[in-house]
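Everything on this sheet refers to the single structure shown next.
Computed from a prediction, not measured in an experiment: that's the story for all the values here. Remember, it's 1-based here, ligands and their atoms both numbered in the order they're listed.
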Amino acid sequence: MAVLIYSRNHPVEDWAAALRKEAPDLDIRLHPQTGNPAEIDVALVWKPPPGLLQSFPNLKLIQSFGAGVDGILADPNIPKHVPLARVVDGRLTQGMSEYVLLHVLRFHRQVDTMANNQRNRTWRWLPLVDASERVVGIMGMGTLGGHVARKLVDFGFQVASWSRGLKAVDGVTSFHGDDHLEGFLRICNILVCLLPLTPQTRGIISRRTLSLLPRGAYVINAGRGGHVVEADLLHALDSEWLSGATLDVFNEEPLRPDHPFWTHPKVTVTPHNAADSIPAHVAPQIVDNIRRLQQGLPILRLVDYARGY
Ligand code: NDP
Ligand code: OXD
């Protein structure tokens, strides 16, 4: 089996080493050292240049480096007859819960205000809000959102979720579908976006949806930058509607040096590292899919091309 690896974001040599360790028989090729394109069976990719996947006439599996596949589906020429698999990994999921918990608690316990007070040598007692009085709303109740929701319930927050289908998770009020988005947003003191980026979810954090949040709400986006209409978010922050925002993902990455998010007093920027695929942890599931392909067994963690996630 010949496996082509392409990514500008991942340490491709480390990935090649991790795959070889799991499966020494694999013929691993790092783009652009592809050799004969007709020999490529599997493509392990992240944001491949448009047309790259189509150039492998005998491709049998497209495997994403990560959980999100929007960077692969962005290629208008993607060969849709080839199965596309994504990563579902316990360590990555745990990492996302750590990230969301960290920033929910940072807002909830007024850490930024206290840090400012310390800088000014100001001793100011701040009244605490009980976790049970805050509603954390999670947009996207899949692998990541579901895990995050359970952790937040354990911390005593009121938790609401919004997804396409109705969910039954203890302690979580489930909203689903476009008709129930408004009702969901109206109760969220902290909004967490863990949606996949699809034509339906692009720009979903907009002037309209932000205006439905209670005044003083806080926004955490670790889904994709394309979920946020940046000018609308800045307007909501500057008009004192929102208390603040933590953003891990951006329309354009890396965030350009003159972007207003960098210096906005109410914005925390992190460089798309809320959670990550670690080669040694993820290589076994990729090799498992390659073995399944060889044995004619069903591929796991498949993406539905029609839904876009
Ligand atoms: P899943 O596919 O497991 O879950 C997606 C969730 O979004 C599902 O609950 C789905 O609803 C919901 N959803 C999709 N479309 C809509 C819609 N139109 N309306 C309402 N709900 C919708 O994905 P994961 O949880 O594994 O990952 C989510 C995203 O997180 C990834 O796509 C990626 O963009 C991002 N991510 C970011 C990382 C980072 O470091 N910042 C790291 C990893 C992922 P339903 O369940 O009803 O189908
Ligand atoms: C992913 C990511 O989708 O890291 O896995 O963003």
Hey, is the main chain of [Y] close enough, under 3.5 Å, to the side chain of [X] for a donor-acceptor pair?
X      : Y      : answer
Asn120 : Thr122 : no
Asp248 : Ala222 : no
Ser7   : His10  : yes
Lys60  : Asn58  : yes

| said: Working to the nearest 0.5 angstrom, can you tell me the gap between Glu252 CD and Glu230 CD? | reply: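 Glu252 atom CD to Glu230 atom CD measures 8.5 Å (nearest 0.5 Å).
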| Do Gly66 and ligand 2 have an N or O pair less than 3.5 Å apart? | no
| For Ser277 and ligand 2, does the shortest N/O to N/O distance drop below 3.5 Å? |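 No, there is no polar N/O contact under 3.5 Å.
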Short list, please: which atoms of ligand 1 are under 4.0 Å from a heavy atom of [X]?
X      : value
Lys167 : 45 (P), 46 (O), 47 (O)
His272 : 39 (C), 40 (O), 41 (N)
Arg307 : 48 (O)
Arg224 : 33 (C), 34 (O), 35 (C), 36 (N), 37 (C)
Leu194 : 28 (C), 29 (C)
Met96  : 37 (C), 38 (C), 39 (C), 41 (N), 42 (C)
Trp162 : 19 (N), 20 (C)
Gly68  : 31 (C), 32 (O), 33 (C)

| query | Taking C-beta and beyond as the side chain, do Asn289 and Arg301 meet within less than 4.5 Å on heavy atoms? | reply |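 Heavy-atom side-chain distance check passes, below 4.5 Å.
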| Is there a side-chain contact between Leu191 and Leu185 (heavy atoms, below 4.5 Å)? |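 Result yes, sub-4.5 Å side-chain heavy-atom pair found.
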With a 4.0 Å cut-off on heavy atoms, does [X] reach ligand 1?
X      : value
His176 : no
Gly223 : yes
Leu197 : no
Met139 : no
Thr198 : no

| task | Mind listing the closest non-hydrogen atom pair of Leu210 and Ala236 along with its distance? | result | CD1-CB, 3.9 Å
Which heavy atom of the protein is the closest neighbour of [atom], given with residue, atom name and distance?
atom                    : answer
atom 5 (O) of ligand 2  : Ala67 N, 2.7 Å
atom 25 (O) of ligand 1 : Leu144 N, 2.9 Å
atom 37 (C) of ligand 1 : Ala222 O, 3.0 Å
atom 26 (O) of ligand 1 : Arg86 NH1, 2.8 Å
atom 4 (O) of ligand 1  : Gly142 CA, 3.2 Å
atom 2 (O) of ligand 1  : Tyr309 CD1, 3.4 Å

| said: Between Asn9 and His272, do the side chains contain a donor N or O and an acceptor N or O under 3.5 Å apart? | reply: no
Is the [X] to [Y] ring centre distance short of 6.0 Å?
X      : Y      : value
His31  : Tyr6   : yes
His103 : Phe107 : no
Phe157 : His108 : yes

| field | Distance filter under 4.0 Å to Trp46 heavy atoms, resulting ligand 2 atoms | value | 1 (C), 2 (C), 3 (O), 6 (O)
| Ligand-residue contact atoms, ligand 2 with Gly68, heavy atoms, under 4.0 Å |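 Those atoms are 1 (C), 3 (O), 5 (O).
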| request: Answer with side chain, backbone, both or neither: which part of Ala275 has a heavy atom less than 4.0 angstrom from an atom of ligand 2? | output: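 Within the 4.0 Å criterion, Ala275 contacts ligand 2 through backbone atoms alone.
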| Which one holds for Arg224 and ligand 2: side chain close, backbone close, both close, or neither close, with close meaning a heavy atom under 4.0 Å? | side chain
For ligand 1, does [X] get within less than 4.0 Å through its side chain, its backbone, both, or neither, judged by non-hydrogen atoms?
X      : value
Gln200 : side chain
Leu195 : both
Val249 : side chain

Between [X] and [Y], does at least one N-O distance fall below 4.0 Å, as a salt bridge requires?
X      : Y      : value
Glu22  : Arg291 : no
Arg150 : Asp154 : no
Arg91  : Asp89  : no
Glu39  : Arg29  : yes

| Does ligand 2 have an atom under 4.0 Å from some heavy atom of His272? | yes
